[in-house]
Structure formats: structure tokens, C-alpha cells
Amino acid sequence: MMQAGMDESGASALLQAGCGPILPAHDSTVPPLRQQIFECVRSHGQISRIDVAKHLSVSPASVTTIVSDLIAGGLLKEVEAPRDPGSRGRPPVALAVRPEAGYVVGIKLSDLVHTGVIIDFAGRPVAEARLHRPSLRTEVDLLVEEADELLTRMLAEAGMDRSAISAVGLGLPGIVDHFRGLILWSPILRGLEIPIARMMSERMGLPVQVDNDANVLTLAELWYGAGRRLPDFAVVTQEYGVGMGLVMNHRLYRGANSVGMELGHTKVQLDGALCRCGQRGCLEAYVSDYALVREASVALDLHRTESGSAQVILESLYDQAKAGNEAARTIFRRAGRFLAAGLANVINLFDPSLVILSGARMRYDYLYAEDVLKEVRELTLNKGRKLPRVEINAWGDLVWARGAATLALSAVTDARTSAEVVE
Ligand SMILES: [Zn+2]
């Protein structure tokens, strides 16, 4: 049977063209062996040559050749492995990353406080800094200046020169085109389509990678957290808005336009509440800060004044809910029900093994109370399937910056390990 819209010549052209997915000549999802070996060592911390060969299912001889090259290049080193109790003779030799092979910076830009870390080549933090700022939507020039100030502070703390840094990773809220280094829109910035990676790079004199803050947090979970061993998991963040990052087959999913997953703007109510994106019925319009503040202003007569920021109103709403104010409780409970619908949609769509809830607002425990999680279970298709774990991430605020740093570390690692070995 012919499909609608397909004529006979179209059908035969399809037949002649073969079948099966047409993959690019170089499959970028499979890194060169040299990079695989390096990443195997970094992910294990310490591992012997023979275990690397077993882990990657390659011959010990090819591991030995490439490892010699990585050691000569200053990326790996030999270390004494822990000896089995009771064993004699020479201590076994393992491989580890040379931490001083390179340093990268991660910066998370936000409406109230910017955070930053410097990490070494083994991914360990060596310096950190915070920069508090007024909660205002700002011009990009000022944001670039603040990020550079944060970098200068970190370098001073670490006693390092700027020339020791290989790259910078940047995470911030909004719609970010990672590949083009553009901020299409951000709640903390004035203007649209801002080439922030280029601007930061010119100011700092370093290569800069940029991504959405939910994606950098997901990278942190993938590199350091609960997601290290999981092929598929989702991270849902609640900060200024509702963000999401998704890992599929151990990789961050970026989508065709690399703007990632806008869970906050999926619709939970047709013709519903007005969202700041201009559309109606978005999840964010029910659960984000500004949605809660909007409700609080009406129900509790809390008004945003010069001194009363959204943060102050939210805190007051939370305190009143804790103290038993029924109107305040209802606002959080309603937001929790919409969040439950959003989480159930994520589970129905992607079937992840774990959903991690993260972000500063997660301390409003009404949003993940037992009845919210019960609602998630009720809204998820559960016929014969195991529901994923839902975990609350209680990491400190520096985790975002560490995730941003892995953006830079990945790029530098790719560049420094992808060169083929000359034999
Ligand atoms: Zn929206």
C-alpha cells in the first residue's frame, strides 16, 4: 500500500536508495581508542593496563602502545596500586590521570549569585568563588565583566596565572544554543540572540563553551553524581524556571538545535495561566517562582515592593505555609500537583531509570512531599512497568559550576586525546 502523498516514482527512488539509517562517515559517538583509554582511566581513578584492555575489549598490546604515548604526552602517569593483603614482591602498577596536565574553569551565572570553580585534569576542584549581585535583569557587558571578576578571584585563590587555564565552561538559565554559543533568551539578560561565548572568550582570552544551566547540572550528575553508572536518567531543575536535562546512553541529549529540553514550557493546561514565554498553560506558569509569587500576591496580600524581591515573597509564603496558613499551603500543594503532572509526562515519554529533582527551590519541601510523589505514580502509565526512582539532590550550589567546568574539560580532553598515535 502506498502512503498518502508518495507517488510511484518516489517509492521506487526510496527502494533504489537502499535502507537503514544513513550514518555519517565518521561516527562521532565512538571516540578514538586513545580517547577511550584516557577516559577509562579517568573514570576509574586508578586502573591497571590489563584492566583497561579488559574493560574496552581491546588487546593489551594496543593499550600498552597508546598508554606509553599518553604518558609521554603528560596526560597519564603510573602510580603504585594498593597491594592485595599478604601478597609479596613488587607493588602492582596502575595508571592515573596527571591532575596538573591542565586546568579548566566552570562558572554558573545566576540572578542572585554567580559561582565558579577551577578543576584539574582529573576533575578535582582546586579553587572556588562566589560573587553576589543585585537581582536585576542585566546588560550582557556587565555579566561578562562579573564573570571575569569571578575568574580573577579564583585565580588569586589558587595562586595561578590565567595562562594555566585551558578553557572555560559557562552555564546560565534560559534558552541556549550550545553549538553556536548563543543565548537566545535568558531571564537574567536583556536582549536576544547574544553571542555570549564569543564575548566571554574575548574578555577572558580563553576558549568558552556555554550551555543551559539544567544541562550543566545534568553533566555534574553524569560526571560526579548518581548518574555515573546509569545509561538513561533525567534531571529536573527548579530554579528561576523549570529546566530539564536528559542523558541517553551515557550522553547528554541536546536535540537538533542544541537548545535541549524545555520541560517548563510543555503544556499542562490548554488556554491556562500566562507564561513569561508569552504562551499559555506552560508548566512553568504554575510552579516557578514567579507563578508562586503571583499567587502569593493575590492570596496573602504580599506585594512586591522596592525592597521585597520575589525571593523575599517566596520565603514569606513558605514560612506561612509551615506555620499552618491554609491559603499558603494550598498554593504550594497546587504547584506540587502540576509538578507531578510534569514529572509523570517525563517518565511516560522517556522511561528513565532515575529522575533527579534539583535546584534551590527544592528546599520548599511541599514540592516533593509524599503526596506529590504519589500523584506522580498515579499519573504515570504503570501497567506492568517498574517506575523510576525519584531522588532529591541536596548538593550545594557549587555543583552547577562543577558541571559547567566539565563542559570545558570535555572539550579540552577531546582535543588533547583524539590525535591518532604515530607508530
Ligand atoms: Zn512558557
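Please read these numbers as outputs of a predicted model, since none were measured by experiment. Counting starts at 1 for both ligands and their atoms, in listed order.
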Side-chain touch V235/V247, heavy atoms, less than 4.5 angstrom: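 Heavy-atom side-chain distance check fails, nothing below 4.5 Å.
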Number of protein N/O/S atoms that sit closer than 2.8 Å to the Zn ion (ligand 1):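 Under the 2.8 Å cut-off, the count stands at 4.
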OH/Y253: more than 12 non-hydrogen atoms of other groups inside 6.0 Å: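 No.
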Over-ring placement of R402 relative to Y224, 6.0 Å and 45° cut-offs: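 Output yes; distance and angle both within limits.
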Flag if over 12 foreign heavy atoms under 6.0 Å of CZ, R124: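 No - once you tally the heavy atoms of other residues, nucleotides and ligands closer than 6.0 Å, there are 12 at most.
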R337 charged N/C atom sitting above F332 aromatic ring, 6.0 Å / 45°: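 No, a cation-pi geometry is absent between R337 and F332.
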H114 versus R133, side-chain donor and acceptor atoms under 3.5 Å: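 The answer is yes; a qualifying pair exists.
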